[in-house]
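Residue numbering restarts at 1 for every chain, and letters A, B, ... go by the order of the sequence lines.
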There are 2 protein chains.
Amino acid sequence: MTETLPLNQQLCFALYACSKEVAKAYRDKLAPFGITYPQYLILSALWDQDYRSVTEIGQELQLDSGTLTPMLKRLEEAGWVIRSRHKPDERRVYVELTDKGSALKYDAVCSVAAIWSELNLNEDTYHVLLTQLHGITKQLQKGDK
Amino acid sequence: MTETLPLNQQLCFALYACSKEVAKAYRDKLAPFGITYPQYLILSALWDQDYRSVTEIGQELQLDSGTLTPMLKRLEEAGWVIRSRHKPDERRVYVELTDKGSALKYDAVCSVAAIWSELNLNEDTYHVLLTQLHGITKQLQKGDK
DNA sequence: TACAATTAGATTGTGCACAATTTAATATAG
DNA sequence: CTATATTAAATTGTGCACAATCTAATTGTA
């Protein structure tokens, strides 16, 4: 079969386009705070559980250290986090929120919450989508190994 | 409210993670052909409708010329497409598949189709997801203006 | 105790993706 | 006919995201 669906009928493109659009919406809401969307995801992980290693943050966000290290350095330079070597095991770098980083939570979360309020997604729809997307992600990850 | 859901309960992260995982699955399948996932999306657009301007491709893929021009140059250097200035209106660059570019369709499409076969998504689920993701994309785009 | 294997993070190189600006071409107004 | 406005694409700068490799530290084994 050489006939294929047009791109807008393919799930891969729907995901690609939607992900870009969500990232743009977040970027617009977060720009006034001087942080990017991926940086917001790191901060979110730390607001949920402070003082974690690069590896732990990487596991939650599904990002490797090649991506995380430069981002964490920028967050540190901007004063949102502090990085430090773990004394018992100096291979490990731990990341901790500064006061400024903790203080950002309320305003940033409110700001991005507006994105979802304006979308007016039904709570059931939200959860079904969430579950289905995580399901696809997990299955693809299984296929890697 | 300062309590927030953990990231894995937020739709923005489900989209982010799923999109990355789908991109990775496509990258693995496409690497043997020497093309990247975003390049595949451009080729897909052209397989569906050859000979289009950069603007037209940009509209379908929701990408601007700053992203498209370097990618199209790489696709041209690799022999998949030809770019040419439109004689009636020399502001416009038209992109056309080469024989090699056309010939890639069957193998590339089969290769990536395997991703979805292995996922075993119900056809209804696929369509519901597609529709919902496009709906979110459109609403976010409306919010921009 | 010494050495090999493994682990954690950092670095390097590359390909996007976006925003802002520039360049070149066309359309429009006076 | 000329000047201005608009359009299409290209360029520049920046921030990811990934793969591969390197560096430093820790663990395991003989």
Fill in: Sugar-phosphate, base or nothing in reach of Leu68(B), heavy atoms under 4.0 Å
nothing
Practice prompt. Grab the CZ-P distance between Arg85(A) and dT23(D) for me, whole Å please.
Written response: 15 Å
Fill in: Residue-phosphate contact under 4.0 Å: Tyr37(B) side-chain N/O, dG15(C) OP1/OP2
no
Worksheet entry | Identified salt bridge (charged side-chain N to carboxylate O under 4.0 Å, His left out) counterpart of Asp89(A) within the set Arg85(A), Lys87(A), Arg91(A) | Arg91(A)
Item to complete: Give one of base, sugar-phosphate or nothing for Thr36(A), where a contact means two heavy atoms less than 4.0 Å apart.
Response: sugar-phosphate
Worksheet item: Among dG9(C), dC18(D), dT11(C), which is the nearest nucleotide to the side chain of Thr67(A)?
Response: dC18(D)
Discussion item. Please tell me if Lys20(A) has a side-chain N or O lying less than 4.0 Å from either OP1 or OP2 of dA17(C).
Written reply: no
Discussion item. What's Tyr94(A) touching, base or sugar-phosphate or nothing? Going by heavy atoms closer than 4.0 Å.
Written reply: nothing
Discussion item. Hydrophobic cluster membership, with links at side-chain heavy-atom distances under 4.5 Å among I/L/V/M/F/W/Y: are Ile82(B) and Leu75(B) in one?
Written reply: no
Practice prompt. Decide yes or no for Gln10(A) and Tyr126(B): does some side-chain heavy atom of the first lie under 4.5 Å from some side-chain heavy atom of the second?
Written response: yes
Worksheet item: In Å, rounded to the nearest 0.5 Å, how long is the span from CG of Leu119(A) to OG1 of Thr125(A)?
Response: 11.5 Å
Item to complete: Answer yes or no: does atom CG of Asp99(A) have more than 12 heavy-atom neighbours from other residues, nucleotides or ligands under 6.0 Å?
Response: no
Worksheet item: Rounded to the nearest 0.5 Å, what separation is found between the NZ atom of Lys20(A) and the OG1 atom of Thr137(B)?
Response: 9.5 Å
Worksheet entry | Length of the CG-P vector between Asp64(A) and dG13(C), whole Å | 17 Å
Fill in: Atom-to-atom span, CG of Leu75(A) to C1' of dG15(D) - whole angstrom
12 Å
Worksheet item: Can a donor-acceptor pair be found between the side chains of Gln62(B) and Gln141(B) at a distance below 3.5 Å?
Response: yes
Discussion item. If you only use heavy atoms from C-beta on, which nucleotide in dC16(D), dT26(D), dG9(C) is closest to the side chain of Pro38(A)?
Written reply: dC16(D)
Fill in: Under 4.0 angstrom between Lys24(A) side-chain N/O and dA19(C) OP1 or OP2
yes
Practice prompt. May I ask you to verify if any side-chain N or O of Arg83(B) is less than 4.0 angstrom from the OP1 or OP2 atom of dA10(D)?
Written response: yes
Item to complete: For the side chain of Arg92(A), starting at C-beta, report the closest nucleotide among dA17(C), dA17(D), dA8(C).
Response: dA8(C)
Item to complete: Return the value, rounded to whole Å, for the distance between atom NE2 of His86(B) and atom P of dA9(D).
Response: 10 Å
Worksheet item: Start at the 5' end of DNA chain C and walk down; is the nucleotide closest to Asp28(A) or to Thr69(A) reached first?
Response: Thr69(A)
Worksheet item: Within less than 4.0 Å of OP1 or OP2 of dA24(D), is there a side-chain N or O belonging to Arg91(A)?
Response: no
Item to complete: Choose from dC16(C), dA10(D), dA25(D) the nucleotide whose nearest atom is closest to any side-chain atom of Met71(B).
Response: dC16(C)
Worksheet item: Which sits closer to the 5' end of DNA chain D, Pro70(B) or Pro70(A), going by the nucleotide each is nearest to?
Response: Pro70(B)
Worksheet item: Given atom CG of Leu72(B) and atom C1' of dT11(D), what is their separation to the nearest angstrom?
Response: 15 Å
Worksheet entry | Base dA10(D) to side chain Ser65(B), donor-acceptor N/O within 3.5 Å cut-off | yes
Worksheet item: Is the shortest side-chain N/O distance from Lys73(B) to OP1 or OP2 of dT11(D) below 4.0 Å?
Response: yes
Worksheet item: Atom OH of Tyr16(B) to atom C1' of dG15(D): distance rounded to whole Å?
Response: 11 Å
Worksheet item: Between dG9(C), dA10(D), dA19(D), which nucleotide gets closest to the side-chain atoms of Arg27(B)?
Response: dA19(D)
Practice prompt. Kindly say if Arg74(B) contacts the phosphate of dC16(C), meaning a side-chain N or O under 4.0 Å from OP1 or OP2.
Written response: yes
Discussion item. In whole Å, I'd like the distance from the CZ atom of Phe13(B) to the C1' atom of dA17(D).
Written reply: 13 Å
Worksheet item: Of Val93(B) and Gly66(A), whose closest DNA chain D nucleotide lies nearer the 5' terminus?
Response: Val93(B)
Worksheet item: Taking atom P of dT28(C) as reference, at what distance in whole Å does atom CG of Asp89(B) sit?
Response: 12 Å
Response to the item:
Of Thr55(A) and Glu90(B), the one whose closest nucleotide on DNA chain C sits nearer the 5' end is Thr55(A)
Worksheet item: Would one find a side-chain N or O of Gln39(B) under 4.0 angstrom from OP1 or OP2 of dC16(C)?
Response: yes
